[in-house]
Each structure stands twice: as structure tokens, then as C-alpha cells.
Participant: 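Dumping the structure here so I can ask a few things about it.
Quick note: numbers below take in every heavy atom, side chains included, and nothing from hydrogens, waters or symmetry partners. For this chain, numbers begin at 1 and follow the sequence in order.
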Amino acid sequence: MIVQSATAATCDLPATPKQVAGDRVGMWVGGGKLMKNITTIAAVLVGLWCAGHAAAGTADDVQAAKEAFARKDYAAAEQSVTAAIDAGELKREDKAAAYYLRGYARALSKKFDAAADDFTDAMENTERGDNGWSAAIQARFLTYVDLGKPTSAAADFVALAKDRPDAARGVRYRLISRLVWDLKAKDEDAAFDVLKAMRDISYVPEEPAQNTDYLTQVFVRLLVNRGEDLVAMMELSKIKTADLLVEARVDRGYASLWAKEGFDAVTDPKEIAGRELAYVADLAKKSPNLAVVMTRYVKALRTVGESAKAVEVAREALANPELASVQVERVVEDKLWLRNELVYALKDLGRTDEALAEMQPILKLDEAKNGFMISQLVNFGQIMIELGHAAEGVKTAKRGWNSASPMGQLYINMIEVCGTATTDKPAAEKALALLRKRQSENYAAMSAALLCMDRTDEVAELVKKRLSLPAHRGALLTAIQWYKPPAFVTPLRRTLMERYAKVLARPDVQAAVKKQGRIEEYPFFSAYWGNL
């Protein structure tokens, strides 16, 4: 632990993480504020800048680095701190601080590999478990996440959870979620270690509306794979999200749980949607001014078919002048997601003119932001096509092309296929060909596009292929259950649903489903986004 001098409290520090928190460096912290997830490093900073440990020969370098940080010249800060390190006159605790600061400067300059090395050196120059070590390993964890080294990031989180559970509990859920989803298909053992560490330290997200069910579902599956059925049942009982409980009922990957005492009660088809709504309604009572909470509440109302109330709740929330977000920088996005759910609720009721009107604030804002709300653009493009505004729907979706992920781009291709399937066959075939080349990145989009083109034989083959792939099986099985339809179904959607029902009724498809899972009937509407 670095010992602070008596003057440390009044020392004129360089720019601290709080002061430069607004500086963004790519996706270094998963899109959040730069140092949002690092526990306070004031003790580390004062060790170098204020505590008086640095030898006289490094004083000029220290001062130069301090001034460089103040003017946000991180290359110059790196150079000056390097000079202080190379002088060889720093004590061990000051080396830790110096390496941390150089790593910080390098991260701000997007030199992430070098930054990770510096954070490692900082850890080696401090005691395991103290504040300096904690700050450095968290910084290295964040760097590994964005370097695309999820296994290394997972090892850092597990180590942090073991030696500094308080700090591990402060890591943002968005980062952990991103890490686990990245690991799920690449390194199941590392994903399991992260999830177990979260359970062991009783990790609770800092955002009240953050839905941890999706990671719990991954944990349950991994526990089942390891034969830990009793623990899996305990984790399964925590899940409230209806679609995830459906998957546990129908995917044979969970078959070892099906006969366990309490399984049917936990996943009762007649109760799971109502259980989700009750949980989210309670959240809404506690946090009525949080946009993410109200968005989840509106979606839960739609799930049980209460779309009229969903409209009422959404409009009341949007009119609330105190509606806010846990993260200040996400206020705009969170409110737009709430309006997105309002549009869907209006569409459920057949109030199409109102749905189109509610899209306009988002579309108008997006004109100045150049496709930044890609999910809404895709959603609205699809709705416009369903409502008979095909050309406008395709144009709307395409506005988000440059900012879309590969999965998002394939949804845009799908929308173009469906929007031109009957009016411009060459354009539809061209978009379908592009989708076909990359379909493994979004099989759901490929399925919908093929249905729009009435290629049911190809749809059947794709369904069987998806059922054979463990990473895709659960989502497909969840999507193809029998759910209660919304009050209003557009003619296009009804046509696609009828085509899909014929595909699912084929003997070869039925055999493939029976091999991998089962199909049941549920008395609620599925808001599942991945397929028809």
C-alpha cells in the first residue's frame, strides 16, 4: 500500500480519472466512461505525484508529465513518465504508480498492447490485493476486453474476485456481459469461471433494470453440461424472463433437469409470463423515473397481451420530465428504446397511424446522428414494410448500414429482400445473395428472407441445420413454440407465419425437432426478436 504524505490531500494532482472521464477511447471500456469501472486510484496517483518519493533527478520529468496530462497531450505524458522510469531512481511503490500512469497514457493514445504490459508491470511492483494492484488489474482487464483477449480478461476478473471482491463487484455488468458472450462460443471453461466468480461474490449489477437472466441462462447451461444439476436448478429458479424459461423447457440440452423436483413449477407455461410481469412491475414502482426500467415494463406488458396498458405506461413515462438513465450519457438512447417499445405496442393493437407517427421523433433525431440508432432503424424498416410502406421501409433501414454490426447489416439485407420480393425481383435476389454469403452471422434474417421469397424448401433445410448447431438450437426452439398471437397481425406477417407453419409441419422438420427438443403451446405473446 502506498503511504501518502501529509501534504497529499492538498497536492495539485494531474488530471485524475474523474477529471478526464469524458475522454473516450474507442470501445476501451465497452462504450462507457473511460475510468468508470476502476476503483479509486487516488492512492496510486499521489504516490508518484505528491508523496515525495520520486528522486530529485526525476522531478523535471514528473512535472512535465503532470503538465502534459493537464493539457491532454498523452503522447508527451507517456514520454515524460518513461523518462522517469528509465532514470532508475524510483522506489518500488513509485514504479507501480509510474507504470500505471504510463499504461493510462498509452490507453488514452490507443496503444492497448503496450498499456496492458504497463499494467502488468504496475501489478508486479505492488502487493497483491492492495489498492494499486486492484487498480492495475482492473485496467488490464478492461484493456484485454477491447484487445479481443477474452480468456485473459476472464482470468483477471476471477483473480480480482478472489483477492478484491469489493472491486470485482464494482465492475460494470455491461462489461462482464460482453465478456461472457464473447467467451461462450470460444472458451466455455473461462466463461464458467467468470460466472462462478460472480455467484461467489454475490455480484449485483449497479443498474437496477439490468437483466442478469441472460447470463444466468448461460451459467445454467454450463452447469448442466458439467452434471451439476442441483446447482443448475438453484440458478434456474432465479430466472424471471419468460423466453429463457421456455428454452429450458424445450431444449434437450436441459433434459437432465426435466424430471427434477420443482422443474415444472419453475417453468410452468401458464405462469412464467405473469411472473416476469410481476417482477418488472415491482421494479417500475421502485424506479419509475428510469427509462430502462419502464422500457422493460412495457415489454413485459406486451408479453402478456396487455398492449393497451403498455401504450398508456409508455406515453406516461415519456411525458415524465424526470425520466432519466443510470448512465447520464445514455439518456437519449434509453428514451428512444422506450419509444421503440411504444411503437411495437401500438402495432400490436393495429393502431398503425399512431405507430408510424411515434417513429418520427427517432427518425428525425437520426437524421442528424447518421444512423446511430441502428436497432430502431431496422425495427421501423421492418414495420413499415409490414404496413405497406415497402420503399420507405427499405430506405429507413439502409440509413443505418454504416453503423450496423455484421448481424445488423444482414437484417438490413433481409428487409430489402422482403420489401422488394414482389415488386423488384432482381433487387430481392441481389440482397438475398449477399445475405446467403454471410448467413452464419444471422440465420434468423436468412430464414425470414427465404420466407418472404417463398423458398420453403430452403427454410426447412435451414431449420434443420440450426437445430444441429448447439449455439443456435436453443434460440430456434424458443422461437418456434406456439404462442398467442397479438390482436393485430399484418397481412404480410400472417402470410409469413402460415408459410413457416407449413415448414414446421413437414415430417423431416418434425423429426429434427423431436431429436433436439420439443414444441409446446404457451398462453402469452412472445416478444422474441430472433425469428418469426
Side-chain angles (χ1 to χ4, degrees), residues 27 148 181-182 185-186 340 359 362-363 366-367 369-473 475-476 479-480 490-493 495-500 502-504 509 528-532:
M27 289 293 289
W181 281 102
D182 197 15
K186 299 176 182 177
N340 184 88
M359 295 179 192
I362 296 179
L363 298 179
D366 185 75
E367 289 177 0
K369 297 285 188 175
N370 193 29
F372 87 121
M373 291 304 293
I374 174 61
S375 296
Q376 279 79 358
L377 293 175
V378 169
N379 291 344
F380 295 168
Q382 185 172 345
I383 290 174
M384 288 176 185
I385 289 172
E386 284 191 56
L387 298 180
H389 301 266
E392 187 180 358
V394 172
K395 181 179 178 181
T396 296
K398 281 187 170 182
R399 276 166 49 176
W401 181 269
N402 291 333
S403 58
S405 66
M407 175 180 281
Q409 288 181 346
L410 294 179
Y411 272 125
I412 294 171
N413 287 145
M414 176 269 286
I415 288 170
E416 185 167 13
V417 171
C418 293
T420 57
T422 60
T423 59
D424 190 344
K425 286 289 181 65
E429 292 289 356
K430 181 179 179 181
L432 183 62
L434 293 173
L435 215 172
R436 195 187 301 279
K437 290 178 182 178
R438 299 166 56 193
Q439 62 178 294
S440 62
E441 297 175 86
N442 193 339
Y443 285 126
M446 185 65 186
S447 297
L450 289 170
L451 287 169
C452 286
M453 297 293 283
D454 201 13
R455 307 274 177 84
T456 52
D457 287 342
E458 288 188 69
V459 176
E461 292 305 312
L462 186 55
V463 167
K464 290 186 286 187
K465 179 178 181 178
R466 293 168 71 184
L467 284 168
S468 71
L469 301 173
H472 298 272
R473 182 180 65 216
L476 177 64
I480 63 177
T490 64
L492 174 59
R493 179 56 64 99
T495 296
L496 299 182
M497 290 171 65
E498 289 171 352
R499 290 174 182 172
Y500 206 21
K502 289 180 180 179
V503 168
L504 297 177
V509 174
Y528 181 74
W529 57 267
N531 210 336
L532 288 169

Participant: Quick check for you: to the nearest 0.5 Å, what is the distance between Met414 atom CE and Leu434 atom CG?
Facilitator: 14.5 Å
Participant: Please find the pair of heavy atoms, one from Ile385 and one from Gly393, that lie closest to each other, and give the distance.
Facilitator: CG1-CA, 4.3 Å
Participant: Which of these passes side-chain contact (heavy atoms from CB on, under 4.5 Å) with Leu435: Leu450, Asn413, Asn442?
Facilitator: Asn413
Participant: How far apart are the C-alpha atoms of Ile374 and Tyr411, what are their side-chain angles, what is the distance that settles it, and do they pass the side-chain contact (heavy atoms from CB on, under 4.5 Å) test?
Facilitator: CA-CA 10 Å; Ile374 174 61; Tyr411 272 125; over 6 Å; no
Participant: Specify the closest pair of heavy atoms between Ile412 and Gly400, including all atoms of both residues, with the distance to one decimal.
Facilitator: CD1-C, 4.1 Å
Participant: Taking atom NZ of Lys430 as the centre, report whether more than 12 heavy atoms of other residues, nucleotides or ligands fall under 6.0 Å from it.
Facilitator: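 Result for NZ/Lys430: open.
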Participant: Quick one: which of Val394, Asn402, Thr396 gives a side-chain contact (heavy atoms from CB on, under 4.5 Å) with Lys398?
Facilitator: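 Between Lys398 and the candidates, side-chain contact (heavy atoms from CB on, under 4.5 Å) is satisfied uniquely by Val394.
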Participant: Minimum heavy-atom separation for Cys418 to Ala448, with atom names?
Facilitator: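 Looks like SG-O, 3.9 Å.
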Participant: Please report the interatomic distance CG(Leu469) to OH(Tyr443), rounded to the nearest 0.5 Å.
Facilitator: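 So the gap between those two atoms works out to 5.5 Å.
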Participant: Taking side-chain hydrogen bond (donor to acceptor under 3.5 Å, both in side chains) as the criterion, tell me which of Arg466, Gln439, Glu458 meets it with Ser447.
Facilitator: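 For Ser447, the side-chain hydrogen bond (donor to acceptor under 3.5 Å, both in side chains) check succeeds only for Arg466.
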Participant: Measure the spacing between CD of Gln376 and CG of Leu363 and express it to the nearest 0.5 Å.
Facilitator: 9.5 Å
Participant: On a heavy-atom basis, which atom in Val463 and which in Val503 lie closest, and how many Å separate them?
Facilitator: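 Looking at all heavy atoms of both residues, the shortest contact is CG2-CG1, 4.5 Å.
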Participant: Nearest 0.5 Å please: distance from the CG atom of Asn379 over to the CE atom of Met373.
Facilitator: 9.5 Å
Participant: Taking all atoms of both residues into account, what is the closest heavy-atom pair of Ala421 and Met453, and its distance?
Facilitator: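 Taking Ala421 first and Met453 second, the nearest heavy atoms are CB-SD, 3.8 Å.
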Participant: Which heavy atom of Val417 sits nearest to which heavy atom of Ala428, and what is that distance?
Facilitator: CG2-O, 3.6 Å
Participant: To the nearest 0.5 Å, tell me how far Glu441 CD sits from Met446 CE.
Facilitator: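 Glu441 CD to Met446 CE: 13.0 Å, rounded to 0.5 Å.
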Participant: Would you compute the distance between atom OG1 of Thr456 and atom CD of Glu461 and round it to the nearest 0.5 angstrom?
Facilitator: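 Answer rounded to 0.5 Å: 11.0 Å.
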